[in-house]
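The next block holds one structure in the form of structure tokens; read it before the comments.
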Amino acid sequence: MKAYVSVLKLRLLNGMQYRAAALAGVATQFFWGFMYIMIFEAFYLNTIESPPIALKELIIYIWLQQAFLAFIALWFRDNELFDLITTGNIAYELCRPCGIYGFWYAKLLAQRLSSACLRSFPILLVAFFLPEPYNMTPPPNVLSFVLFLTSLILGLFLLVSISMFIYISVFVTMSPVGSLLMFGVIGEFFAGLIIPIPLMPSWLQNIAYMLPFRLTADFPFRVYSGHIHHHEAIAGILSQLGWLAILVLLGKIAFHKALQKVVVQGG
């Protein structure tokens, strides 16, 4: 465990050095945030029926989505790990005196944490001082904030465990393109990053609720805004823990089988 914590700290410190890239990301995410808000604002102004989620809750949802994009985006990747697999340099990883699954998990976790630390605070700080109705607002109460933080952290662990399957699949395909496309498109859609789940048709909502993707983004963001009540939030957190245990276990099994059939190119 100490080895994994050390890797996490080192990668976190390394990732915190890329401040210029983070500032560029902040500007880009503000652009996308305003664009999404204006699209949904136009939709809400012209809707006939009352939407299942209030516009203010949706605006909070979008700003949280932009602030914590590194926590929830499946396309956010580590090209170094892809190169290790496709070039055969995975042989060096096999010599490490620790489990590769945990080692890579710690690296991916640190990468997302460092990126989110650099980007989330500026975005949220500015969003709180924007004029109505485009501004962020605090959660309705302290309990909602505590539940949000808990679900956000568990959602991050859950997303990393899902993204591990992308790297595992490259052992078979030898190309990250198809895996990123498949996991990225499906995962982001059912996480509510394209259309918030409450605005989906009921049959699509049923599918989304059966998959773990929504627990990484849609669930914590709606907990923050108060759209998901406390008892439902606690049940969702328990669901996050269950999915996390299942995905980590399946990931370790799949990783072990992939390593048994790995071919070191040129060796």
Side-chain angles (χ1 to χ4, degrees), residues 25 28-29 32-33 35-36 39-40 43 52-53 58 61-62 64-79 81-82 85-86 101 104-105 108-109 111-112 115-116 151-223 227-228 236-237 239-255 257-258:
T28 303
Q29 285 161 237
W32 282 97
M35 185 186 72
Y36 276 122
I39 290 172
F40 282 112
F43 170 77
I53 181 172
L58 191 57
Y61 186 106
I62 291 171
L64 289 173
Q65 176 182 315
Q66 296 304 315
F68 295 103
L69 188 66
F71 277 20
I72 59 178
L74 276 169
W75 51 262
F76 197 82
R77 60 191 183 273
D78 188 334
N79 288 322
L81 298 186
F82 287 135
I85 300 169
T86 56
Y101 182 93
W104 286 12
Y105 193 102
L108 296 174
L109 186 62
Q111 182 188 38
R112 291 178 180 272
S115 181
S151 60
L152 183 68
I153 293 169
L154 287 175
L156 171 61
F157 284 112
L158 189 58
L159 189 81
V160 174
S161 66
I162 293 172
S163 67
M164 282 296 295
F165 284 97
I166 298 176
Y167 299 93
I168 294 169
S169 67
V170 177
F171 280 103
V172 179
T173 63
M174 295 306 294
S175 172
V177 178
S179 301
L180 282 170
L181 183 64
M182 181 181 69
F183 279 92
V185 173
I186 296 174
E188 288 194 5
F189 183 80
F190 286 109
L193 301 187
I194 299 173
I195 303 172
I197 290 177
L199 298 180
M200 291 181 179
S202 57
W203 64 273
L204 265 180
Q205 290 188 38
N206 292 334
I207 296 174
Y209 274 83
M210 289 189 295
L211 299 173
F213 302 109
R214 75 169 193 94
L215 296 171
T216 64
D218 175 85
F219 171 66
F221 297 162
R222 287 200 286 141
V223 168
H227 189 259
I228 292 180
I237 288 171
S239 181
Q240 284 180 310
L241 290 169
W243 272 109
L244 181 60
I246 292 170
L247 290 174
V248 169
L249 178 61
L250 292 177
K252 286 185 175 182
I253 294 171
F255 201 91
K257 289 186 176 181

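Note that the numbering runs from 1 along the sequence shown for the chain. Here the structure is a predicted model, which means the values were calculated and not measured.
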Nearest-0.5 Å distance that lies between atom [atom1] in [X] and atom [atom2] in [Y]:
X      : Y      : atom1 : atom2 : value
Leu156 : Phe71  : CG    : CZ    : 5.0 Å
His227 : Leu58  : NE2   : CG    : 9.5 Å
Gln240 : Leu244 : CD    : CG    : 8.5 Å
Lys257 : Lys252 : NZ    : NZ    : 16.0 Å
Leu152 : Leu159 : CG    : CG    : 11.0 Å
Ser239 : Leu215 : OG    : CG    : 4.5 Å

How close do [X] and [Y] get, heavy atom to heavy atom, and via which atoms?
X      : Y      : answer
Ile168 : Phe255 : CG1-CD1, 3.5 Å
Ser151 : Phe219 : CB-CE2, 3.5 Å
Ile62  : Gly33  : CG2-O, 3.8 Å
Asp218 : Pro198 : OD1-CD, 3.7 Å
Met210 : Trp243 : O-CZ2, 3.5 Å
Ile72  : Ala217 : CG2-CB, 3.7 Å

Report yes or no: does [X] contribute a side-chain atom to a donor-acceptor pair with the main-chain N or O of [Y] at less than 3.5 Å?
X      : Y      : result
Gln205 : Met200 : yes
Arg222 : Ile197 : no
Tyr36  : Ile194 : no
Arg112 : Ala70  : yes

Checking side chain to side chain contact (heavy atoms under 4.5 Å, CB included) for the pair Leu247/Phe165: CA distance, chi angles, key distance, verdict? CA-CA 9 Å; Leu247 290 174; Phe165 284 97; 4.0 Å; yes
Apply the test side chain to side chain contact (heavy atoms under 4.5 Å, CB included) to residues Tyr101 and Val248: give CA-CA distance (whole Å), side-chain angles for both, the deciding distance (0.1 Å), then the verdict. CA-CA 9 Å; Tyr101 182 93; Val248 169; 4.2 Å; yes
Yes or no on side chain to side chain contact (heavy atoms under 4.5 Å, CB included) for Phe157 and Tyr105, after CA distance, side-chain angles and deciding distance? CA-CA 9 Å; Phe157 284 112; Tyr105 193 102; 3.5 Å; yes
